[in-house]
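A short worksheet on the structure shown next.
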Amino acid sequence: MLEIKYVRQNLSEVYSALKNRGDSADLEAFQAAEISRREMLAEIEELRHRRNVVSDEIAGMKKRGKDAGDRVAQMREVSGRIKALEKSLAESEEILQEILIRLPNIPHPSVPVGKDEADNPVNRVVGTPRVFDFTPKAHWTIGEDLKILDFERASKITGARFPLLFGAGARMERALINFMLELHTTEHGYTEVLPPFIVNRKTMTGTGQLPKFQEDLFKLENWDYFLIPTAEVPVTNIYQDEILEEDQLPICYTACTPCFRSEAGSYGKDTRGLIRQHQFNKVEMVKFTTPETSYDELEHLVLNAETVLQRLDLPYRVITLCTGDLGFSAAKTYDIEVWMPAQDKYREISSCSNFEGFQARRAGIRFKRKDKKGTEPVHTLNGSGLAVGRTLAAILENYQQADGSVVVPEALRPYMGGREVIEL
RNA sequence: GGAGAGGUGGCCGAGCGGCUGAAGGCGCCGCUCUCGAAAAGCGGUAUCCUGUAACCGGGAUCGUGGGUUCAAAUCCCACCCUCUCCGCCA
């Protein structure tokens with residue numbers, strides 16, 4: 001959420017930010033509602049002030065045994081007016097809130113202006129895609145042939161887009177989770193967290209999934225609860241409505257959770273394999289920082305995610321999302337894309353963003369500076385480190401051999417009982 | 001699921017219709033004392049909104065939302081959450 005004062009005072013900047021994102025909002029209505037809100041507020045506060053003063057008088061008179069009947073009658077009328085005005089004020093505030101809560105974040109000045117993913121600049125390309133002396137197979141074929149992936153039975157159990165792993169496949173998923181968490185906690189300074197996988201509406205609103213994107217979520221029947229689409233949601237909301245001390249920052253958490261996404265509107269995309277599932281595991285990194293350090297922390301965050309790919313020796317590249325491709329809550333986002341030989345393409349495997357104070361304002365996460373009165377929103381960041389299902393898919397494709405077997409990346413072997421190859 | 005207790009400031013805890021944004025204690029910050037520290041003493045220590053160039057002022061907030069009243073932390077209603085006991089259960 002943007003600060004109401006900021007929007008009021010920087011209407012044209014907000015307007016152009018929206019335009020660059022390919023978004024829009026009724027800023028005229030906002031401005032009108034904001035003006036009338038403040039007018040009403042001034043009037044209400046004046047009346048309340050009078051009521052407070054006269055009520056004190058009444059108290060004093062009663063104590064001295066004087067009759068205060070006329071003042072009581074007067075205040076009865078004033079209270080009626082206050083009540084009526086409060087009602088219109090609440091309506092006005094609701095309109096404002098409706099608009100404000102749906103405004104996306106303002107992109108950071110360093111974010112390139114662009115229309116869609118075609119305009120995302122590539123920052124760096126790391127690793128060289130392997131040259132195959134046979135035609136590389138897609139990971140779903142490799143997995144099914146090795147009997148470690150079974151999409152057909154998964155769809156019987158639930159439906160399309162759910163994973164079912166067996167044997168070395170399930171083991172590798174677990175190995176990847178342990179490998180990533182171990183790396184982030186012991187080498188990158190993150191604290192491991194195990195949060196709830198189901199959260200309430202307020203929490204979903206705090207990180208920006210609601211109210212605009214409810215169709216992307218799974219909602220529980222008869223509960224106002226939702227399945228998390230990423231660990232970002234419960235982990236960022238750990239400090240919802242809290243005031244942190246400056247010297248507590250930065251706070252760095254990592255969590256592995258299943259992620260549940262309805263994938264509404266993705267019909268026909270990635271219909272096979274592990275790339276786009278309704279349920280997948282992801283190791284997430286979340287940071288709470290001061291405003292002046294958040295962009296440095298973002299660079300570190302990306303490097304932390306990249307380290308996972310480097311250790312696994314998977315080729316990748318890093319891109320910056322342009323304004324038109326940027327997510328709702330983010331001020332700046334780097335995507336990491338891993339090389340997928342069968343598709344002959346780089347595919348997203350991590351997304352690392354700085355949300356600045358956008359989520360913090362929604363979720364009420366503030367901090368207090370030493371020797372300075374008042375509070376400020378913290379800056380929140382998060383990034384995948386990494387999406388586990390996609391990492392597994394990348395390993396299957398990049399490490400496949402002509403005979404259909406798959407070599408286990410060296411970094412992963414300690415987590416797989418020393419196993420070197422997956423074969424039938 | 002059944003029975004009970006409770007939600008007040010960073011923490012503990014009083015208040016149970018007006019003089020209470022809230023006693024007292026702890027913690028924290030500053031000052032005095034001290035060679036220094038401790039102890040002791042004094043002072044200061046919530047958040048949000050709003051007006052003002054600023055000094056400073058106004059309003060709101062005692063789990064949340066409604067209600068009663070001239071006036072609510074205090075009374076009434078609903079909801080949420082926490083704790084204890086019983087039952088059930090991975």
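Lettering of chains follows the sequences in order, A, B, ..., and the numbering in each one begins at 1.
- A:K63 has no side-chain polar atom (N or O) that falls below the 4.0 Å cut-off from OP1 or OP2 of B:rG17.
- Residue A:R48 places none of its side-chain N or O atoms closer than 4.0 Å to OP1 or OP2 of B:rU61.
- The phosphate of B:rU47 has neither OP1 nor OP2 within less than 4.0 Å of any side-chain N or O from A:T375.
- The two residues A:P234 and A:I228 come nearest to each other via the heavy atoms CD-CG2, 3.7 Å.
- Distance from the side chain of A:V72 is smallest for B:rC70 among the nucleotides B:rG59, B:rC19, B:rC70.
- For B:rC11 and B:rG67, the C1' atoms lie 34 Å apart once the distance is rounded to whole Å.
- To the nearest angstrom, P of B:rU61 lies 18 Å from CG of A:D241.
- Across all strands shown, A:R64 has no heavy atoms under 4.0 Å from either base or sugar-phosphate atoms.
- Taking atom CD of A:E3 as the reference point, atom C1' of B:rU50 lies 14 Å away to the nearest angstrom.
- At a cut-off of 3.5 Å, with distance as the only test, a side-chain donor of A:S294 or A:H379 sits close to an acceptor on the other residue.
- Distance noted for atom P between B:rG17 and B:rC76: 11 Å (whole Å).
- One C1' atom belongs to B:rG24, the other to B:rA60, and the distance between them is 26 Å to the nearest Å.
- For the 3.5 Å distance criterion, the side chains of A:S405 and A:Q401 qualify, holding a donor opposite an acceptor.
- An OP1 or OP2 oxygen of B:rG51 is reached within less than 4.0 angstrom by a side-chain nitrogen or oxygen of A:R38.
- For A:I4 and A:Y225, each mapped to the nucleotide of RNA chain B holding its nearest heavy atom, the one lying further toward the 5' end belongs to A:I4.
- Atoms CE (A:M40) and P (B:rG51) sit 14 Å apart, rounded to a whole Å.
- With ring centers used as reference points, A:F197 lies 6.0 Å or more from A:F260.
- Listed candidates were B:rU47, B:rC70, B:rC49. Nearest to the side chain of A:L41 is B:rC49.
- Distance, A:R369 CZ to B:rU47 P: 15 Å, rounded to whole Å.
- Across B:rG51 and B:rU68, the matching P atoms stand 31 Å from one another, rounded to whole Å.
- Under 4.0 angstrom from either OP1 or OP2 of B:rC80 there lies no side-chain N or O belonging to A:K202.
- B:rU45 is paired with B:rG27 under the criterion used here, namely a Watson-Crick or G-U wobble arrangement in which both key atom distances are under 3.5 Å.
- Both A:K368 and A:R51 sit near RNA chain B, but only A:K368 has its closest nucleotide nearer the 5' end.
- Remark: A:N52 is in phosphate contact with B:rA60, judged by side-chain N or O atoms under 4.0 Å from OP1 or OP2.
- Pair assignment for B:rU32: B:rA40, on the basis of Watson-Crick or G-U wobble contacts that are both within less than 3.5 Å.
- A straight line from NZ of A:K5 to C1' of B:rC49 spans 9 Å, rounded to a whole angstrom.
- Judged by distance alone, the side chains of A:T289 and A:E297 never bring a donor and an acceptor atom under 3.5 Å apart.
- Counted by atom type alone, A:N281 and A:E173 present one or more donor-acceptor pairs between their side chains at under 3.5 Å.
- A:K87 has its NZ atom 15 Å from the C1' atom of B:rG67, to the nearest Å.
- Here the side chain of A:R366 is nearest to one of B:rC81, B:rC48, B:rG18, namely B:rC48.
- In this structure, B:rU68 makes no Watson-Crick or G-U wobble pair, since no nucleotide meets both defining distances under 3.5 angstrom.
- Partner assigned to B:rC83 is B:rG4, using Watson-Crick or G-U wobble distances below 3.5 angstrom.
- Rounded to whole angstrom, the span from the CD1 atom of A:I243 across to the C1' atom of B:rU61 amounts to 13 Å.
- Nucleotides B:rA73 and B:rG66 place their P atoms 15 Å apart, quoted to the nearest Å.
- For the pair A:E245 CD and B:rG27 C1', the computed distance is 12 Å after rounding to whole Å.
- At the heavy-atom level, A:R76 lies under 4.0 Å from the strands shown only through sugar-phosphate atoms.
- Across every strand in view, B:rU52 sits unpaired, with no contact that passes the Watson-Crick or G-U test at under 3.5 angstrom.
- Distance noted for atom C1' between B:rG58 and B:rG21: 15 Å (whole Å).
- Taking atom C1' in both B:rG59 and B:rC28, one finds a spacing of 29 Å when rounded to whole Å.
- Within the shown strands, nothing qualifies as a pairing partner of B:rA73 under the Watson-Crick or G-U definition with both distances less than 3.5 Å.
- Contact annotation: A:H49 side-chain N/O to B:rG59 OP1/OP2 distance is under 4.0 Å.
- Side-chain N/O atoms of A:R37 include one lying less than 4.0 angstrom from OP1 or OP2 on B:rU50.
- Backbone-only contact: A:K83 has heavy atoms under 4.0 Å from sugar-phosphate atoms and none from a base.
- Here B:rG18 is the nucleotide among B:rC70, B:rG18, B:rC81 with the atom lying nearest to any side-chain atom of A:A59.
- At a threshold of 4.0 Å, the pair A:E46-A:R50 does not count as salt-bridged, since none of the basic side-chain nitrogens sits closer than that to a carboxylate oxygen.
- Comparing the same atom, C1', in B:rA14 and in B:rC31 gives a spacing of 30 Å after rounding to whole Å.
- When both pairing distances are held under 3.5 Å, B:rC19 makes no Watson-Crick or G-U pair with any nucleotide shown.
- More than 12 heavy atoms of other residues, nucleotides or ligands sit less than 6.0 Å from atom CD of A:E91.
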